[in-house]
Every structure is written in structure tokens, then in C-alpha cells.
2 protein chains.
Amino acid sequence: MVKTRLEIEEAVPALKLLGDKARLTILGMLKNGECCVCEFTEVLGMSQPSVSQHLRKLRDAKLVKEDRRGHWVFYSLNENYEAYDLVLGVIGYVSDQSEKIAELERQGKRIECK
Amino acid sequence: MVKTRLEIEEAVPALKLLGDKARLTILGMLKNGECCVCEFTEVLGMSQPSVSQHLRKLRDAKLVKEDRRGHWVFYSLNENYEAYDLVLGVIGYVSDQSEKIAELERQGKRIECK
DNA sequence: TACTTATATAATTATATGCTTATATAATAG
DNA sequence: CTATTATATAAGCATATAATTATATAAGTA
């Protein structure tokens, strides 16, 4: 993995965003591909507005992209983010969040976004 | 580099501490070996109590160790910290802070700690 | 058009964070 | 024992952060 060197000033905002349970989980989920908002809400067990506000922070900072399709909005990692390598690197140290999505699948809760 | 997988709950406190300019700089400086408090104060251009309080947070969370020698207290990375790999990994994405220590050297400001 | 569903935004409130100033402690020198 | 230097701690204050509740918007359906 290539390590793009960042100035402290570039790394800090990314790390601030990563240092939150909800946002780190969201980013961990996105490692395996896009997810829609209701999946985050389900996995995190948080209120919809709360999730939405975390997504806004990630969006405003350009860590993630959004893609609306009908009723649903799908989020994915923005590979053009200046500290993308750092984000990927950090996510790499965290246990796989796809397990939580699989858990949803088993509970039949994933079909809510269809 | 080995990637020890952490649970979200273990990674978040470390990332919270990393997401601050002063603390990330301190950790970046420690990558190259121990430093004493007056060096942090000098490089960061912050008040001594402010630096001391950042060091306390890093110490309380076990990211760093302290070693008092006479008047001076030297800090170093704690390689037994549960998220040590993550910390090292993140520091690896940040530009080398040893340059800032070298700068001190040039300015003759480093001898304050002797 | 009106209704429903998914998501976003705004306002409010509670808590956390980081800095400043003042003071305390620890180590050493005289 | 006193003074000095390096560092730590405490109290106070200002700002930042995150959650909740209420409301708005966007897209699709009857």
C-alpha cells in the first residue's frame, strides 16, 4: 500500500472524523462497497437524523460520495479525497464491518432498502 | 507491517487522541525516539500547561510512557499500547516531524533541555 | 393531486474539549 | 533550608460536538 505523506494540517481533520464510533463504523462498512442510509441506521442502532448528520460531516469533508437512486441514497468512499490512503489505512486496522451487514442479511433486515 | 485488527471500540479512543494537531505532532516527533517536554513546547509554540495537558491525555490512555531524569521528563511511544500498530501506521502517513526538531537544533533552542 | 417512504435540515440542549491563569510539586544548586 | 528550573495540576471559560425532537424535502405510488 502506498503511503501518501500528509501534512499534519491535512491529517487532523480526517482523524477527527475517524475518531467517532458511528463514523468509523460507517467507513468500515463502506470498505466493502456502497451502502444505503437505512443500512447504517440499522447497523448503528441510532436515530435517522443522527446518522444523517454524521453522513453530512463525512460528505462535507469529501470522505464519501453520495448517489441518489429513487427513494434511496447510496454512499461510497471517495477515492479522490486527499487523505484517502490514510482513511483506507486506518480502516485496515479495524475489524471487518461487512460481518454486521451479513448479520442484517440473516435477520432479513436488509431488504428494507429495496 | 503487521495489521493487528482492533474492534471499533478500541480504535476510536486512539483516533480521538490522534485527531488533534498538538497531539499528532507530539506523536510524530516521538516516532524518531524520545523527546522531553520542553521540546514539545518549543515545536508546538504552545503554553507549557497546554502541552502538559495533552501529554497527560496521551499518558492516561497509555499511548506514551514517561521517564523522569533529573529536572526533565522524557516521553516515548509505548509499544505495548493495544493500538500501537494503528498509531504507528497513522504516523507513517504524516510528514516527518524530525525536521522540526532539527530546526530547533539549528536555532540552538534544543540545548534548553540540558 | 394527495399520500407514503427515505432522507436531510434546523433548533435546542447537554456534554466534551482545549486554552488560559494561577498554583503546586519535584529535582537540583547554592 | 532557600531559590530556581522543569513539569504537573486545578479552576474557569469559551467553543465544539453529538444527540433529540420537530419539520422540510425529494421521489415514488394510488
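Note that the structure is a prediction, hence the values are computed from the model and not measured. Numbered from 1 within each chain, the chains take letters A, B, ... in sequence-line order. Both backbone and side-chain heavy atoms feed into the values below; hydrogens, waters and symmetry mates do not.
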Give a yes/no answer on whether the side chain of B:Arg68 brings an N or O atom under 4.0 Å of OP1 or OP2 in D:dA8. no

If I take atom CG in residue B:Asp60 and atom P in nucleotide C:dA16, what distance separates them, rounded to the nearest angstrom? 16 Å

Euclidean distance, atom CZ of residue A:Phe40 to atom P of C:dA6 [Å, nearest integer]: 16 Å

CG of A:Leu24 versus P of D:dA18: gap in Å, rounded? 13 Å

Nearest heavy atoms of B:Asn32 and B:Ser98, plus distance in Å: ND2-CB, 3.2 Å

State whether A:Asp67 and A:Arg69 are salt-bridged, where the test is any N-O pair (Lys NZ or Arg NE/NH1/NH2 against Asp/Glu carboxylate O) under 4.0 Å. yes

Short side-chain N/O contact to C:dA6 OP1/OP2 from A:Tyr75, under 4.0 Å: no

Residue-phosphate contact under 4.0 Å: A:Arg69 side-chain N/O, D:dG28 OP1/OP2: no

Please state whether the phosphate of D:dA18, meaning OP1 or OP2, lies under 4.0 angstrom from any side-chain nitrogen or oxygen of A:Lys57. yes

Pairs under 3.5 Å (N/O, protein and nucleotides 19-23 of chain D):
unit_1: D:dA19; atom_1: OP2; unit_2: A:Ser50; atom_2: OG; d: 3.0
unit_1: D:dA19; atom_1: OP2; unit_2: A:His54; atom_2: NE2; d: 2.8
unit_1: D:dT20; atom_1: OP2; unit_2: A:Ser47; atom_2: OG; d: 3.4
unit_1: D:dT20; atom_1: O4; unit_2: A:Gln53; atom_2: NE2; d: 3.0

Between P on C:dA6 and CG on A:Asp67, what's the gap in Å once rounded to a whole number? 18 Å

Identify the heavy atoms of A:Ala61 and A:Tyr81 that sit nearest to each other, and give their distance. O-CE1, 3.1 Å

Scanning both residues in full, the closest heavy-atom pair of A:Met29 with A:Glu39 reads CE-O, 3.9 Å

In whole Å, I'd like the distance from the CG atom of A:Leu15 to the P atom of D:dT17. 14 Å

When you compare the side chain of B:Leu18 with that of A:Val12, does any pair of heavy atoms fall below 4.5 Å? no

Provide, to the nearest angstrom, the distance between the NE2 atom belonging to B:His71 and the P atom belonging to D:dA3. 16 Å

Nearest whole angstrom, please: distance from the P of D:dT25 to the CH2 of A:Trp72. 22 Å

Can B:Glu99 and B:Arg106 be counted as an ion pair, charged N to O under 4.0 angstrom? yes

What is the separation between atom CG on A:Leu55 and atom C1' on D:dT17, rounded to the nearest whole Å? 16 Å

If you draw a 6.0 Å radius around NZ in A:Lys31, do more than 12 non-hydrogen atoms from other residues or ligands fall strictly inside? yes

